[in-house]
Amino acid sequence: MGNVSPSGFRGSIAHHGGRQKWSARVTNWQATRPTTDQARAWARVRANLRESAGARLFDQWLKPMELIEGDEPDTVRLALPSAFATNWVRSHYADRLHLEFKAVLPEVRSVTIETRAPSKVARLTSVETFDAAPRTATAAPAQPVEVDDQPSLFGMPAPAPIPAPAPRPAPRVKAAAPVAPAPAPAVRVPSDRPPLDPRLTFDRFVVDSSNRVAFNAALSLAEPGPPRFSPLFLHGGTGQGKTHLMHAIAHAFLESHPDAVVLCMSAERFMFDFVAAMRARDTHSFKSRLRSADLLLIDDLQFIAGKDSTQEEFFHTVNELVGAGKRLVISADRSPQSLDGVEPRIIGRLGAGLVADIKAPDLTLRRTILNRKVADLPEIVVPVDVLDMLASRIRGNIRELEGALNRVVAYAQLTGDKIDMEFAVATLGEVLRGAQRRITIDEIQKLVSRHFELKPLDLVSARRARAIARPRQIAMYLAKRLTTRSLPEIGRKFGGRDHSTVIYAVRKIEELRDTDRDIDNAVRVLMKELEG
């Protein structure tokens, strides 16, 4: 940011004639400064996302996102040109965007993602130099609109590159014009927790025998009055409905307790915020914020495996909340007893509450879910045989099933083609082929551990001995080659490592395969066994 000198401002006053324009200029500079900090942070976040997500995914989903100026330095507002893209980004990148911004701007407490028509998005076109030539005072900024912090940007053209500012008077940054609220605005919640997805409520959760216990337990915990049990531990595979139930609990609890303090975060964010508090020597504020919650929801607990200091704080947080009669909901991709690298006392504490699993959906449930989704699209006709095909071919999880339907519908809208079996198969070629045999990172870790005679926990530990580091790099390489997981997701599965560590491991194994016959043979054997 350029330095603003008093002499520069005096020259501006003389040019415009009068003290009133001096006041207007100072006010405008102060109002624009937080926006400029966010613009710089957004440039860094975009660069990180492009590197970690890959060019293809970034260009398709993340590149069209635009930063909206606002007057709240602790809130970042992003916009996408379509609801479909907003929903996708919310589902896959909401937590990641918050962590990326927080790393650059520690004062950021929430990142919201909304749907806006491109013409209604007031973009930050450049980082202005404030000691440039005079400019007129800007209009007062519009009041920010709190919206759901999940993105929706499918299939929309990416914005053109922003040209560098020419050596002339800096352009005025216009305040965002008032706009109509997004079709499905998020529930307004305190700034220290992410907004809840308004679609994830109890009445929109499809219940059958595979998830009935978990559903009834969630309903019970959200009821007014003293909780009958706490904590509630939900476990099941990815995309089975754990996050849906957690958001539904929060919605129902806030409806009956409007003034309650509800915090909803991932275990990764719990760890990130705790580490940041330790570095700032302000763990008291972190503890006070979490322990003041009337309802605390923590998703994906498996990511704190092997993090001793984080587990210590987590254990005391659980004890304080449960002892105070507060509500606590935790989810993971496996049962408490199967959480490798988690302290036994934490497992025992979680097991003392109610543990409910969510099993993989059967064909009937998958078909019912598709019917519910199609009912939300009154202008779209999806033939019954296409829905039957999707339900029978995509068995992995509900999120993938809904994503496949969304993709077919979106492609039909963009191309103008009629949806039929031929169109659906052509559109979902890779998805349908991938559904036939899905390799998971857990499978890779178990196989690599067995091949090199290690324990699975060694691959996610902090140990750097060559006998462990090299197999860990091979496992990361195989995860990148054989799964659809992003670099950050792979890093998290290997003890919460950064995406840059995964990039290094992949490149290192690629180099060694050309020079080290033993490494190349080991990779070939492992790939053959996994793909076979």
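In this text, all values refer to a predicted model and were calculated from it rather than measured experimentally.
Among all heavy-atom pairs drawn from Arg228 and Ser220, the shortest one is NH1-OG, 3.3 Å. Taking all atoms of both residues into account, the shortest heavy-atom contact from Ala424 to Val386 is CB-CG1, 3.8 Å. Minimum interatomic distance between Leu200 and His251 (heavy atoms only, all atoms of both residues): O-CD2, 3.3 Å. Phe274 and Thr283 get closest at one heavy-atom pair: CE1-CG2, 4.4 Å. Listed here is the closest heavy atom pair of Leu387 and Leu370: O-CD1, 3.4 Å. Closest heavy-atom contact between Pro224 and Ser256: CG-CB, 3.9 Å.
Residues satisfying the ring-ring contact (aromatic ring centres under 6.0 Å, His included) test with Phe270, not counting sequence neighbours, are Phe286, Phe314. Partners of His244 according to the ring-ring contact (aromatic ring centres under 6.0 Å, His included) rule, which considers only residues two or more places apart in sequence or in another chain, are Phe205. In this structure His257 satisfies the ring-ring contact (aromatic ring centres under 6.0 Å, His included) test together with Phe253, sequence neighbours excluded.
Arg40 places no side-chain N or O within donor-acceptor distance of the main-chain N or O of Asp37, the cut-off being under 3.5 Å. In this structure a side-chain-to-backbone donor-acceptor pair under 3.5 Å is missing from Thr427 to Val408. The main-chain N or O of Arg497 is never found under 3.5 Å from a side-chain atom of Thr501 such that the two would form a donor-acceptor pair. Using modelled atom types, one side-chain atom of Arg46 and one backbone atom of Lys63 make a donor-acceptor pair closer than 3.5 Å. Checking side-chain atoms of Lys493 against main-chain N and O of Met476 turns up no donor-acceptor pair under 3.5 Å. The backbone N or O of Ala293 lies less than 3.5 Å from a partner atom in the side chain of Lys326, making a donor-acceptor pair. Asp294 contributes a side-chain N or O that, together with a main-chain N or O of Val261, makes up a donor-acceptor pair within less than 3.5 Å. Panel note: side chain Lys242, backbone Asp333; no donor-acceptor pair is recorded below 3.5 Å.
Judged purely by distance below 3.5 Å, without hydrogens or angles, the side chains of Thr317 and Glu320 never pair a donor atom with an acceptor atom.
At a threshold of 4.5 Å between non-hydrogen side-chain atoms, the residues Ile330 and Leu297 do not count as touching. No side-chain heavy atom of Asn211 sits less than 4.5 Å from a side-chain heavy atom of Asp357. Between Leu328 and Val318 the shortest side-chain heavy-atom distance falls below 4.5 Å. In this structure, the side chains of Thr440 and Thr483 stay at 4.5 Å or more apart for every pair of heavy atoms. For the pair Gln38 and Leu105, the minimum side-chain heavy-atom distance is below 4.5 Å. The shortest side-chain heavy-atom distance between Glu114 and Leu80 does not fall under the 4.5 Å cut-off. When side chains are defined from C-beta on, Ile298 does not count as touching Met246, because their heavy atoms never get closer than 4.5 Å. Ile68 places none of its side-chain heavy atoms less than 4.5 Å from the side chain of Leu78.
A salt bridge links Arg96 with Glu100; the closest basic N to acidic carboxylate O contact falls under 4.0 Å. Look at Arg492 and Asp300 and you find no salt bridge, because none of the NZ, NE, NH1 or NH2 atoms lies under 4.0 Å from a carboxylate O. Arg345 has a carboxylate O that lies under 4.0 Å from a charged side-chain N of Glu312, or vice versa, which qualifies the two as a salt bridge. Salt bridge status for Glu313 with Arg291: present, with a side-chain N to carboxylate O gap under 4.0 Å. A salt bridge is defined here as a Lys NZ or Arg NE, NH1 or NH2 lying under 4.0 Å from an Asp or Glu carboxylate O, and Arg289 with Asp273 meets this definition. Arg50 and Asp59 are joined by a salt bridge, as a carboxylate oxygen and a charged side-chain nitrogen come within less than 4.0 angstrom of each other. Looking at Arg367 and Asp362, no side-chain N of the basic residue comes within less than 4.0 Å of a carboxylate O on the acidic one, giving no salt bridge.
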Review point. Going through the checks in order, is the side chain to side chain donor-acceptor pair (under 3.5 Å) test met by Ser285 and Ser288?
Key: CA-CA 5 Å; Ser285 297; Ser288 298; over 6 Å; no
Point to revise | Steps toward side-chain contact (heavy atoms from CB on, under 4.5 Å) verdict (His247, Cys264) | key: CA-CA 8 Å; His247 280 238; Cys264 180; 4.3 Å; yes
Review point. Yes or no on side-chain contact (heavy atoms from CB on, under 4.5 Å) for Arg399 and Gln240, after CA distance, side-chain angles and deciding distance?
Key: CA-CA 7 Å; Arg399 191 174 298 150; Gln240 309 289 23; over 6 Å; no
Exercise for review: Using the salt bridge (Lys or Arg N to Asp or Glu O under 4.0 Å) rule, take Asp208 and Arg366 through it: C-alpha gap first, then chi angles, then the decisive distance, then the call.
Suggested key: CA-CA 10 Å; Asp208 85 336; Arg366 295 196 298 269; over 6 Å; no
Practice item. Could you walk me through whether Val104 and Trp42 pass the side-chain contact (heavy atoms from CB on, under 4.5 Å) test, one step at a time? Key: CA-CA 9 Å; Val104 181; Trp42 178 227; over 6 Å; no
Exercise for review: In sequence, state the C-alpha distance, the side-chain angles, and the governing distance for Asp376 and Arg204, and then conclude on side-chain contact (heavy atoms from CB on, under 4.5 Å).
Suggested key: CA-CA 11 Å; Asp376 293 336; Arg204 294 185 59 82; 2.5 Å; yes
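If you take CZ on Arg269 and OG on Ser266, they are separated by 8.0 Å, rounding to the nearest 0.5 Å. In this structure, CG in Leu390 is found 12.5 Å from CD1 in Ile369, a value given to the nearest 0.5 Å. In this structure, CG on Asp95 lies 8.0 Å from CG on Asp299, to the nearest 0.5 angstrom. Between atom CZ of residue Arg334 and atom NE2 of residue His235 there is a gap of 11.5 Å, rounded to the nearest 0.5 Å. With rounding to the nearest 0.5 angstrom, the CD1 atom of Ile441 is 12.0 Å from the CG atom of Leu459. Here NE2 of His316 is found 12.0 Å from CD of Gln311. Values are rounded to the nearest 0.5 Å.
Classification of the Phe202-Phe215 ring pair by plane angle, with boundaries at 30° and 60°, yields perpendicular.
Relative to the ring axis of Phe315, Arg349 does not place its NZ or CZ within 45° and under 6.0 Å from the centre.
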